[in-house]
Engineer: 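Following this message is one structure expressed as structure tokens.
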Amino acid sequence: MAKGLRNPSYRKRIGYQSALLGGMSMLAAAALSVGFVETQADIALRTAEDIQASLAQVISPTLHDNDLLADALTLKIPGRKRPATVYRAIHDSRVTAVAFESSGQGYGGEIVVLMGVAADGNVLGVRVISHAETPGLGDRIEAQRDDWILGFNGHSLTGLGPQGWAVKKDGGRFDQFTGATITPRAVVGAVKSGLEQFTARRAELLALPAPEAETGGQPRPATPDTHSGDVS
Amino acid sequence: MNHDYRRITRDGIWDNNVVFAQLLALCPLVAVTGTATNGLGMGLASTAVMAASGVTISILRHIITPEVRIPVFVLLIASIVTLVDMMMNAWLHELHKVLGLFIPLIVTNCAILGRAEAFASKQPVLPSLTDGLMMGMGFTLALVALGAVREILGSGTLFAEAALLLGEPFRFMELTLIPDYRGFLLMILPPGGFLALGFLIAGKRVLDRRLAGRGAADAAMPAAAVQS
């Protein structure tokens with residue numbers, strides 16, 4: 001039986017080595033392509049389910065009769081690289097609520113929250129999507145660990161005023177955690193800036209998407225359709 | 001050629017354990033073992049990668065030359081890990097949500113490259129598969145042991161969220177050992193991982209020495225008896 005890495009003379013040539021590396025790369029690329037094609041559809045489906053599940057936590061299903069993912073808007077926000085996706089809850093051809101992501105700088109990195117805002121500007125719900133805060137201290141912002149995140153429900157930008165949108169240590173309305181102030185401060189800041197964005201673009205967000213079939217009699221809304229690019 | 005599968009198994013799980021004896025793979029080890037469940041999931045994923053890479057490299061061992069073997073091994077392992085990542089994302093999505101961050105870390109698991117170099121590149125397919133599986137089992141054992149120690153001391157539970165990993169029937173594994181435990185943050189953070197790992201390795205050494213001592217004592221008994 002052969003002893004592993006045998007070494008006949010032609011194998012020492014540079015051509016063989018290059019061909020080997022090239023061949024292996026092609027093999028790997030082929031395997032990865034097949035894997036990608038096979039799994040792509042399933043992964044997209046799972047990701048959509050994930051988004052839907054988190055959206056259901058911030059916008060109650062009773063508020064809309066549309067598919068939130070289908071009626072999403074992509075907005076460019078000045079000063080931010082990534083465009084924001086805004087999911088709109090529509091009930092009886094009226095936009096009842098919107099959901100979008102906002103983020104703040106926490107202790108361990110960026111904290112991304114998904115927030116639902118009713119048409120009147122009240123917070124419907126906030127959930128942390130991703131964070132890198134200290135386990136046991138900062139992770140109380142997760143809904144499954146603590147009720148703290150529910151404290152935003154029902155508040156609005158005008159209701160609390162600029163002073164109220166801060167942790168208690170900074171003179172605001174929201175509790176900080178023992179041993180972790182930066183984390184809740186970042187979340188409060190993220191929600192506040194999300195609400196400010198909402199207020200600034202309220203009209204545009206609440207305008208109905210153009211009904212594709214019957215554009216005739218309808219007044220053309222200010223907002224273009226789902227893939228609208230630059231509105232800033 | 002006779003391959004001693006019992007030897008391979010013993011080596012993989014205990015004598016030459018990836019973590020406790022070879023001290024490899026510490027990066028993924030300390031990163032994921034905050035809970036025993038995460039350790040188990042990571043261990044199983046690594047086992048799959050180790051077995052698959054062992055077989056692949058063993059099949060290709062006659063055409064790979066020593067000069068370019070390292071890039072070829074790295075390429076193959078990285079491809080296998082990516083495939084496992086995509087498949088888990090598509091078909092084991094719940095598990096992927098828990099472990100997703102750590103799957104790419106398997107590439108950094110030098111134990112896999114180590115076994116490719118030390119074993120699979122020199123041995124036929126079946127022993128390489130066995131070696132991959134057993135080394136993986138040993139790694140899983142180490143991850144679960146370390147995860148269990150850190151979880152019990154850190155949060156007072158054992159196998160929390162196991163149902164998420166293994167499915168609803170395994171909910172019985174989720175134990176709360178210390179009710180109303182306030183938590184011991186150090187054990188959940190990486191320093192606690194190194195601390196617990198140190199004690200576990202020391203424990204294994206003591207155990208090994210005891211066993212070896214007993215074996216030697218048995219053999220040396222007549223001589224010792226004469227001397228005393």
Engineer: How long is the span from the CG atom in A/L27 to the CG atom in B/L76, to the nearest 0.5 Å?
Structural biologist: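 Output value for this atom pair is 7.5 Å.
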Engineer: Between CZ of A/R13 and OG1 of B/T65, what distance do you get to the nearest 0.5 Å?
Structural biologist: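 Atom-to-atom, A/R13:CZ and B/T65:OG1 are 13.0 Å apart.
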Engineer: Checking heavy atoms, do the side chain of A/F36, its backbone, both or neither come under 4.5 Å from chain B?
Structural biologist: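 Contact with chain B is through both the backbone and side chain of A/F36.
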Engineer: To the nearest 0.5 Å, how far apart are CG in B/N89 and OG1 in A/T47?
Structural biologist: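 Taking CG in B/N89 and OG1 in A/T47, the distance rounds to 6.0 Å.
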Engineer: Locate the shortest heavy-atom distance separating A/A31 from B/L83; write the atom from each residue and the value.
Structural biologist: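 In terms of heavy atoms, the two residues are closest at O-CD2, 3.6 Å.
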Engineer: Please check if atom CE in A/M115 has more than 12 non-hydrogen atoms from other residues, nucleotides or ligands closer than 6.0 Å.
Structural biologist: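 Above 12, so yes.
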Engineer: Within this structure, what is the CD1-CD distance for the pair A/I14 and B/E67, rounded to the nearest 0.5 Å?
Structural biologist: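 Taking CD1 in A/I14 and CD in B/E67, the distance rounds to 9.0 Å.
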Engineer: In terms of heavy-atom proximity below 4.5 Å to chain B, should A/L20 be classed as side chain, backbone, both, or neither?
Structural biologist: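 Interface part for A/L20: side chain.
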Engineer: So what's closer than 4.5 Å to chain A heavy atoms on B/L189: side chain, backbone, both or neither?
Structural biologist: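 Only the side chain of B/L189 comes within 4.5 Å of chain A.
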Engineer: Can you tell me if CZ on A/F177 sees more than 12 non-hydrogen neighbours from other groups inside 6.0 Å?
Structural biologist: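 Counting neighbours around CZ of A/F177, more than 12 heavy atoms of other residues, nucleotides or ligands fall under 6.0 Å, so yes.
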Engineer: Are the side chains of B/V68 and A/M24 in touch, meaning some heavy atoms are under 4.5 Å apart?
Structural biologist: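 A side-chain contact under 4.5 Å is absent here.
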Engineer: Output side-chain donor-acceptor pairs under 3.5 Å for residues 41-52 of chain B, partner residues at least two apart or in another chain, one line each.
Structural biologist:
from, atom 1, to, atom 2, distance (Å)
B/S46, OG, B/M42, O, 2.9
B/T47, OG1, B/G43, O, 2.7
B/T47, OG1, B/G136, O, 3.2
B/T47, OG1, B/T140, OG1, 3.2

Engineer: At their closest point, which heavy atom of A/L32 faces which heavy atom of B/S79, and how far apart are they?
Structural biologist: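 Closest heavy-atom pair between A/L32 and B/S79: CD2-O, 3.6 Å.
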Engineer: Taking side chain as everything from C-beta outward and backbone as N, CA, C, O, which of these in B/I188 sits under 4.5 Å from a heavy atom of chain A? Side chain, backbone, both or neither.
Structural biologist: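 Side chain of B/I188 only, per the 4.5 Å heavy-atom cut-off to chain A.
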Engineer: Please report the interatomic distance NE2(B/H93) to CG(A/D42), rounded to the nearest 0.5 Å.
Structural biologist: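 Answer for the NE2-CG pair, B/H93 versus A/D42, is 11.0 Å.
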Engineer: Roughly how far, to the nearest 0.5 Å, is CG of B/D85 from CD1 of A/I43?
Structural biologist: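 Reported value, rounded in 0.5 Å steps: 7.5 Å.
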Engineer: Is the count of non-hydrogen atoms from other residues, nucleotides or ligands lying under 6.0 Å from A/R46 atom CZ greater than 12?
Structural biologist: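 Above 12, so yes.
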